[in-house]
Amino acid sequence: MGNESALQRDTLLTKLGLSDHDGTGVVNVPVHRASTILFQSSEELAKAKAHRFDKGTLFYGRFGTPDTFAFEDAIAALEGGYGSIAVPSGLAACVLPLVGMLKSGDHVLVTDSVYEPLRATLTECLSERGVDVTFYDPSLGADLAALFTARTRIVYAEAPGSLTFEMQDLRVLSNVTHARGALLVCDNTWATPLYCNPISLGADIVVHAGTKYIVGHSDAMLGIVVVKDQKHYRALRQASNWLGYHVSPDDIFLASRGLRTLAVRMERHQQNGLALAHFLSQQPAVRRVIHPALPDCPGHAIFKRDFSGASGLFAAVLSTSLEKATAFVDSLSLFGIGFSWGGYESLALVCDPSHARTATQWQERGILVRFHAGLEHQDDLLDDLATALRVTGI
Ligand SMILES: *Cc1c(COP(=O)(O)O)cnc(C)c1O
């Protein structure tokens with residue numbers, strides 16, 4: 001990277017991974033469609049095979065091509081890791097460190113606020129195959145130590161939770177985790193590599209649903225696993241191969257393209273999210289807005305210390321019935337109803353977090369609506385919210 005690391009993030013986004021390709025003058029790294037990679041000799045092939053789990057080795061299409069490597073290097077540089085591994089979805093990224101590091105009889109501690117589909121992988125797949133899974137209260141810091149067993153290998157965090165936005169103190173968690181010889185894995189999708197870098201706070205492995213803000217246009221699915229140390233990087237490359245993971249070069253292209261505009265998009269997502277959150281917090285029908293950047297949100301102190309910005313995803317608890325909250329969401333015209341987030345479009349979703357808890361209880365009275373603030377003009381979004389509140393009589 002040379003001097004590049006001295007540059008501001010916004011500038012880095014326009015440079016990373018572009019410095020040294022084929023000398024044609026074309027700005028972007030070309031898309032390489034590949035299964036077979038041809039070698040000059042059997043010896044060259046044997047050499048590539050021996051290094052196939054090392055960074056940037058061209059061996060066989062499934063292991064990636066120069067466009068994959070450029071994207072992986074860019075994300076690793078932004079997160080401050082040794083390397084990163086592109087995988088087929090965000091969920092695939094969450095799963096990789098678990099499958100790659102855990103053996104039958106091992107124990108994993110997982111935040112109760114974890115991305116819900118990963119909970120199913122843990123309880124329906126991994127625990128059925130001999131991995132011992134314990135969910136923990138995301139507000140635990142040093143007290144997490146009491147939940148360790150002699151076989152605890154991984155502590156899995158997500159900061160903030162993508163439905164209920166609990167913050168986690170990664171510095172404290174990493175101290176506790178490392179004191180017991182385990183690894184800290186953190187899902188950093190909400191903040192993107194721009195607004196938080198968990199490795200700098202003590203995490204060993206960072207996972208991202210690149211599907212969200214990095215791709216940024218709701219048109220591709222992709223995950224990324226960033227690894228702090230070379231040793232773990234190799235182990236996870238190998239695990240990625242066990243699982244047969246591969247990311248299409250077209251999806252790598254879309255994610256690389258998304259990365260170039262990430263900083264400007266995140267600024268708007270942040271601004272719009274805050275405007276909506278402030279508006280909603282002033283409405284009599286809104287019991288509570290859960291947005292880590294608002295001072296009354298639990299975890300705000302951690303947010304202020306560890307994050308340099310907020311994305312556009314937050315929630316509001318409405319003091320109304322499920323029927324009225326649903327009618328409110330249905331009558332919004334600029335907010336789509338659907339899963340995922342991080343695209344240019346705003347979204348709203350009625351959610352019931354109580355189904356996704358086992359270590360803690362969701363005790364909020366009222367109905368939770370999760371919002372994603374897209375890239376539309378703020379005034380249009382605010383008008384839409386005001387109209388929907390009015391017509392549904394909330
Ligand atoms: C969406 C999401 C994932 C999964 O990503 P997919 O690409 O949809 O598989 C993982 N973690 C978090 C926090 C997410 O929001």
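Numbering starts at 1 and runs along the sequence shown. Remember, it's 1-based here, ligands and their atoms both numbered in the order they're listed.
- What sits closest to atom 10 (C) of ligand 1 on the protein, heavy atoms only, is Tyr115 CD2, 3.5 Å.
- For the pair Gly90 and ligand 1, the shortest N or O to N or O distance falls below 3.5 Å.
- If you number the atoms of ligand 1 from 1 as listed, the ones under 4.0 Å from a heavy atom of Asp187 come out as 10 (C), 11 (N), 12 (C), 13 (C).
- Partners of Arg180 under the salt bridge (Lys or Arg N to Asp or Glu O under 4.0 Å) rule, at least two apart in sequence or in another chain, do not exist in this structure.
- Judged by the shortest distance from any of its heavy atoms, Trp341 lies inside the 4.0 Å radius around the atoms of ligand 1.
- Through direct or relayed side-chain contacts under 4.5 Å between Ile, Leu, Val, Met, Phe, Trp and Tyr, Met221 connects to no other residue.
- For the residue pair Ser218 / Glu345, a side-chain donor-acceptor distance below 3.5 Å is found, with atom types taken as modelled.
- The residue from His208, Glu116, Lys212, Glu158 that puts a heavy atom closest to atom 1 (C) of ligand 1 is Lys212.
- Phe314 has its ring centre less than 6.0 Å from the ring centre of Phe371.
- Note that Lys55 lies in the cation-pi zone of Tyr82, set by a 6.0 Å cut-off to the ring centre and a 45° limit from the axis.
- Scanning all protein heavy atoms for the shortest distance to atom 8 (O) of ligand 1 gives Met221 CE, 3.3 Å.
- Note on ring orientation: taking the six-membered ring where Trp is involved, the planes of Phe59 and Phe39 are tilted (angle from 30° to 60°).
- Ring pair His372/Tyr213: centre-to-centre distance below 6.0 Å.
- Near Cys94, with a cut-off below 4.0 Å to any heavy atom, the atoms of ligand 1 are 10 (C).
- Atoms of ligand 1 lying under 4.0 Å from any heavy atom of Thr211, numbered from 1 in the order shown and given with element: 6 (P), 7 (O).
- Of all atoms in ligand 1, listed by their number and element, those nearer than 4.0 Å to a heavy atom of Leu91 are 4 (C), 5 (O), 6 (P), 9 (O).
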